[in-house]
Amino acid sequence: MLTDWGVRPPAEDLERVAASGHVLVMVCRADLASATAAADTTAALAELPQPPGLLLVLTDVTRTATPGRIIQTLAGALDLPVHRIPYDPVIGTDWLTATGRPGARYRRAVARLAADIVTVAASSQAPGRLPTAPAPAEAVADHAAGPVVSAG
């Protein structure tokens with residue numbers, strides 16, 4: 001299940017947000033002040049009794065040149081994946097109606113982020129909780145009954 005909690009005030013009930021899934025991706029702007037605030041929040045989430053898998057994503061929405069050393073420092077201090085999504089003019093416009101294709105740097109960054117989300121999600125699952133594929137007859141029966149949404 002994927003849930004977007006939107007922008008949250010710093011004092012919002014983070015335990016409730018963290019308990020809603022097994023991976024939490026903290027997304028912020030790529031400027032130093034936003035990255036520092038998000039890193040503090042992520043560090044607090046990591047201290048929970050049963051923390052979710054965590055990732056931090058710095059999104060460049062205004063052509064902010066976030067130095068790689070900030071990302072490396074945050075990744076080392078937090079001991080979790082930190083990603084930077086670079087500015088792309090196609091995404092920076094009204095992306096719902098944009099006709100251009102995002103640039104290669106943007107697409108690579110999103111692919112790396114997706115790969116890390118899958119890795120963190122897989123490693124956050126206890127071996128006994130991993131879903132198993134249904135038998136072929138069950139798969140046909142499930143498909144005939146309509147789509148099934150699982151809140152895992």
Side-chain angles (χ1 to χ4, degrees), residues 1-134 147-152:
M1 177 168 72
L2 178 63
T3 304
D4 181 353
W5 285 82
V7 176
R8 312 300 293 170
E12 188 66 32
D13 185 4
L14 291 178
E15 286 187 51
R16 185 168 69 105
V17 173
S20 69
H22 59 276
V23 176
L24 191 143
V25 180
M26 180 70 66
V27 181
C28 69
R29 289 180 177 257
D31 61 84
L32 182 58
S34 297
T36 301
D40 290 344
T41 302
T42 305
L45 288 167
E47 296 298 320
L48 292 173
Q50 293 183 325
L54 297 166
L55 293 98
L56 179 60
V57 178
L58 310 179
T59 304
D60 190 351
V61 295
T62 59
R63 294 183 195 238
T64 305
T66 304
R69 71 179 189 283
I70 292 174
I71 294 172
Q72 290 172 347
T73 301
L74 290 174
L78 296 171
D79 192 29
L80 57 88
V82 178
H83 290 266
R84 177 177 181 266
I85 304 296
Y87 176 83
D88 190 286
V90 170
I91 302 302
T93 61
D94 182 4
W95 62 273
L96 289 174
T97 59
T99 57
R101 181 177 175 186
R105 284 182 50 217
Y106 179 89
R107 292 191 318 269
R108 281 192 305 270
V110 170
R112 284 190 298 269
L113 172 60
D116 260 1
I117 290 172
V118 170
T119 300
V120 170
S123 67
S124 71
Q125 294 293 299
R129 291 184 56 202
L130 290 176
T132 57
V148 177
V149 178
S150 173

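No experiment lies behind these values; they were computed from the predicted model shown. We're numbering straight along the sequence, starting at 1. The basis for the numbers below is simple: all heavy atoms, side chains too, and nothing from hydrogens, waters or symmetry mates.
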Working for side-chain contact (heavy atoms from CB on, under 4.5 Å), residues Ile117 and Val25: CA-CA 8 Å; Ile117 290 172; Val25 180; 4.0 Å; yes
[X] [atom1] to [Y] [atom2] distance, which is reported to the nearest 0.5 Å:
X     : Y      : atom1 : atom2 : result
Leu55 : Leu78  : CG    : CG    : 11.0 Å
His83 : Ile71  : NE2   : CD1   : 9.5 Å
Ile85 : Arg105 : CD1   : CZ    : 10.5 Å
Glu47 : Thr42  : CD    : OG1   : 12.0 Å

When you compare the side chain of [Y] with that of [X], does any pair of heavy atoms fall below 4.5 Å?
X     : Y      : result
Met26 : Leu45  : yes
Pro81 : Asp116 : yes
Arg29 : Val61  : yes
Val57 : Leu113 : yes

Verdict with supporting geometry, Asp31 and Ser34, side-chain hydrogen bond (donor to acceptor under 3.5 Å, both in side chains): CA-CA 6 Å; Asp31 61 84; Ser34 297; 3.0 Å; yes
Arg107 (side chain) donor-acceptor with Pro102 (main chain) under 3.5 angstrom: yes
Donor-acceptor contact below 3.5 Å, side chain Asp88 vs main chain Gly103: yes
So which atom in [X] and which in [Y] form the shortest heavy-atom distance, rounded to 0.1 Å?
X     : Y      : result
Ala18 : Leu48  : CB-CD1, 3.6 Å
Val23 : Ala121 : CG2-CA, 3.3 Å
Cys28 : Leu58  : SG-CD2, 3.2 Å

Working for side-chain contact (heavy atoms from CB on, under 4.5 Å), residues Val120 and Leu54: CA-CA 7 Å; Val120 170; Leu54 297 166; over 6 Å; no
